[in-house]
Amino acid sequence: MTEVVKTPKIPPEKQILMTINGDEAVAYAAKQSLVDVVAAYPITPQTIIVEKFSEFVANGEVHTEFVPVESEHSAMSACVGAAAAGARAFTATAANGLALMWEILYIAASLRLPIVLAVANRALSAPINIHNDHGDAYGMRDSGWIQIFVENVQEAYDTTIQAFKIAEDERVLLPVAVNLDGFFLSHTLENIRMLPDEEVHKFLGGYRKTYPKVKVDYFDEEVPLILNPARPLSFGPLDLYDYYYEHKMHQIEAMKRVPEVVREVNEKWYELTGRKYGDGILVPYGVEDADVVVTVLGSTGGTVRHIVKKLRSRGYKVGTIRIRLFRPFPHKELAELLKGVKVVGVMDRGISFGSYGPSFLDISTALYDLKERPLLVNYVYGLGGRDAQPEMIEKMFMELLEIAKTGEVKEKLRFLGVRE
Amino acid sequence: MPKQTLPQVPIKKGEPAYKLWIFEPGWKGELPLILNPRQLAEQKRPALLPGHRLCAGCAAPIIVKLASFAFRGPTIVVNATGCLEVATTIFPYTSWAVPWIHNAFENAASTGSGVEAAIKALKKTGRLPYEHVDVVIFGGDGGTFDIGFQALSGAAERGHDFLYILYDNEAYMNTGIQRSGGTPPFAWTTTSPVGKVIPGKQQAKKPIADIMVAHRIPYVATATPAHWLDLMKKVRKGIEVEGPAFIHALSPCDRGWRHGTELAIEIARRAVDTCYFPLWEWTPETGYMLTDRSLAIARNPSLKQPIEKFVEVQGRFKHLLKPENRELLKKFQEYVDLVWEDLLKRAANAPK
């Protein structure tokens, strides 16, 4: 949900109203973010991003070097090379393309390169399917990337710009994946408000030019952490049992600092544009007095909120939390919000086969330390792009309200909208 | 520690023999290509410093050092996973005097594409404090013939301005001598063992340099560390051309080829003398041109040595010298002759 402040620095009438789809919104955001290198490969439903950006390049509207690579593996590899050489790098992909990048996702995060990746979430093969679910994003869960899920096209635009700010923050220096639901957002037209170019430039501080400084023992002074002929460093050396673990600790520590930066960036964006998304991490609605709360990621958040409004108008004490920041996962913040709730329904548009939905596993962990734990039910839904119908969500709420009454969970893992 | 600077040319007396290559922002000019051995020894310092852990007798660091003598200025080195990468950078140490990046095994060419794209973007926006920064990529045969081939082919097609130097030790040596697309026929490796039924690798060596010629990039060449002037000249050309350049350098490996640690250069020389590994360069304008010893052999075929000369000093081929395998040796000779004759037909400067 988008909250609006009364007096943003750039009032709505000074913002540019555009009717565009999610992919185009991401492409415009990357353009305004003064990206130096875009290395990308076409894959539905992400392709429009690449096409749109190619137009910007062909028309001389950007300084960006566009590298039309021969695979997604090379897309991420080229982004690693570009970011290490001091460029602001961006790419986009989906599903199988993201899976092909997998090896290099870990390297990008471990080398602490502030790359931004837009994922137009799509179901993984087999069978091959081009439509939306979150299986691809869940697959990169443990790669060390920051993962943000957006609900609508406006948020896709806003978040892509914010992603560069978060990634390049010296407290963070980690790559960011901006997840927008394939087709539901990537191909759906929406009226959005964009900032004038120069406001985005100001927000990001211009080109990527400030690099973190590091101390190495063969230079007296601290040196910038890039491939620099003036102060040569070696990136990606062999690193065995005597140092590897400590380097992983650096990543763990960096992840801990992410939430505060996401909150700050969310606030700054709010002051500038009048738009914010909860506290940047979680977007709660109607949770305060709720007996039943449903958590959700991505575009389904809007549908769930619609049902919450409807049920509340009928007197049901229900609420919802949209999880915007999935990695690092906001365990504490969720536990705080869900304290005192009787039943939590966790919606996952993906599953860890042989286990539960990935967000369910995290939420279980988050709630374990509460003195009075809510009952938990995991709803897997919408695989391969199956629609999340309002009726289906309403039925789920009624089920959860029944559980709140009886205190009995018959099935912990439920499948919504699947044929028997 | 005192502040390091780029070695002066000529190096002043009393300067340390090895130091980092520092190009202060705004550095202009070109490092000279010095081909006089005495001047070279006095005035040039390699970009690969001592203390690395490559095996005694390995040819790879020789190739890298020779190549670095031909660098023309600020240079970023990209390295595929392999012997060279693991043995030159164990954290917290590095042997590299220039900025260096290793990403993964199969993506040296795409990582180099990204570095090159970044350099262009920085230059366009006035953020590059140099006239040019060259990108030189080192990959082994596994990372080039096999797992990295797609990335290399793609980068070549896109026309990025880099020099890719393949140091070809003809098997996956870093993981313990497994066959690759670069392993020659009949060679023993741990995954093409000489068994009772199958005598070593049964397939030919992929003609990687010819495949790169087929990409119609501005410059392709072969080289060995034994023909070091030839190698340095080719590296400089590869750096100077606009667009992708590819050099296939043969890199004898005493562990994998099963030879004495003092023989790397000798074996590289014999590889050329027997025409197993002919020296040539190719440009779109000139076509194939034989160079150095291979040109001499083309002009005077009596210089060509039988393949035994190459085979007899390597344990990986020792089964070929057994009397019962005379037929295999003959086949190997026929294979070498076929490749050489084919090259003679194509080489513009071979006597017709």
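Every chain is numbered from 1 and lettered A, B, ... according to where its sequence line falls, protein lines coming before strand lines. Predicted model, so just to flag it, every value in this text is computed and none were measured.
In this structure, Arg208(A) forms no cation-pi arrangement with Phe164(A), as its terminal cationic atom is not both closer than 6.0 Å to the ring centre and no more than 45° off the ring axis. With Phe145(B) as the aromatic partner, Lys206(B) does not meet the cation-pi criteria of under 6.0 angstrom to the ring centre and within 45 degrees of the ring axis. In this structure, Lys28(B) fails the cation-pi test against Tyr130(B), since its NZ or CZ atom is not both closer than 6.0 Å to the six-membered ring centre and inside 45 degrees of the ring normal.
Looking at Val69(A), both its backbone and its side chain come within 4.5 Å of chain B, counting heavy atoms on both sides. Within the 4.5 angstrom heavy-atom criterion, only side-chain atoms of Leu240(A), from C-beta onward, approach chain B. Heavy atoms of Leu227(A) lying under 4.5 Å from chain B belong to its backbone as well as its side chain. Using a 4.5 Å cut-off between heavy atoms, Ile226(A) makes no contact with chain B at all. In this structure, chain B has no heavy atom under 4.5 Å from any part of Ser110(A). Both the backbone and the side chain of Pro92(B) come within contact range of chain A, each with at least one heavy atom under 4.5 Å from a heavy atom of that chain.
Listed options Glu157(B), Arg158(B), Lys120(B) were ranked by heavy-atom pairs under 4.5 angstrom with chain A; first place goes to Arg158(B). With respect to chain A, the highest number of heavy-atom pairs below 4.5 Å among Ala117(B), Ala155(B), Gly154(B), Pro25(B) belongs to Ala117(B). The residue among Lys124(B), Glu106(B), Arg127(B) with the most heavy atom pairs within less than 4.5 Å of chain A is Arg127(B). In terms of heavy-atom pairs under 4.5 angstrom with chain A, the leader among Pro99(B), Ala97(B), Ala118(B) is Pro99(B). When Asn103(B), Ile90(B), Val98(B), Val86(B) are compared by the number of non-hydrogen pairs under 4.5 Å with chain A, Asn103(B) comes out ahead.
With respect to Glu30(B) and Arg236(B), a salt bridge is recorded, a charged nitrogen being found less than 4.0 Å from a carboxylate O. Of the charged side-chain nitrogens involved, none lies within less than 4.0 Å of a carboxylate oxygen, so that Lys215(A) and Glu221(A) do not count as a salt-bridged pair. For the pair Glu24(B) and Arg231(A), the salt-bridge criterion is met [side-chain N within less than 4.0 Å of a carboxylate O].
Looking at Thr89(B), Thr94(B), Thr88(B) one by one, the single match for side-chain hydrogen bond (donor to acceptor under 3.5 Å, both in side chains) with Ser234(A) turns out to be Thr94(B).
Every pair passing salt bridge (Lys or Arg N to Asp or Glu O under 4.0 Å) that includes a residue from residues 74-99 of chain A is listed here, sequence neighbours excluded: Arg88(A)-Glu168(A).
Between Tyr172(B) and Phe105(B), the ring planes are perpendicular. Angles over 60° get that label, and only those under 30° would be called parallel.
Using a 4.5 Å cut-off between non-hydrogen atoms, the part of residues 60-81 of chain B that approaches chain A consists of Pro74(B), Ile76(B).
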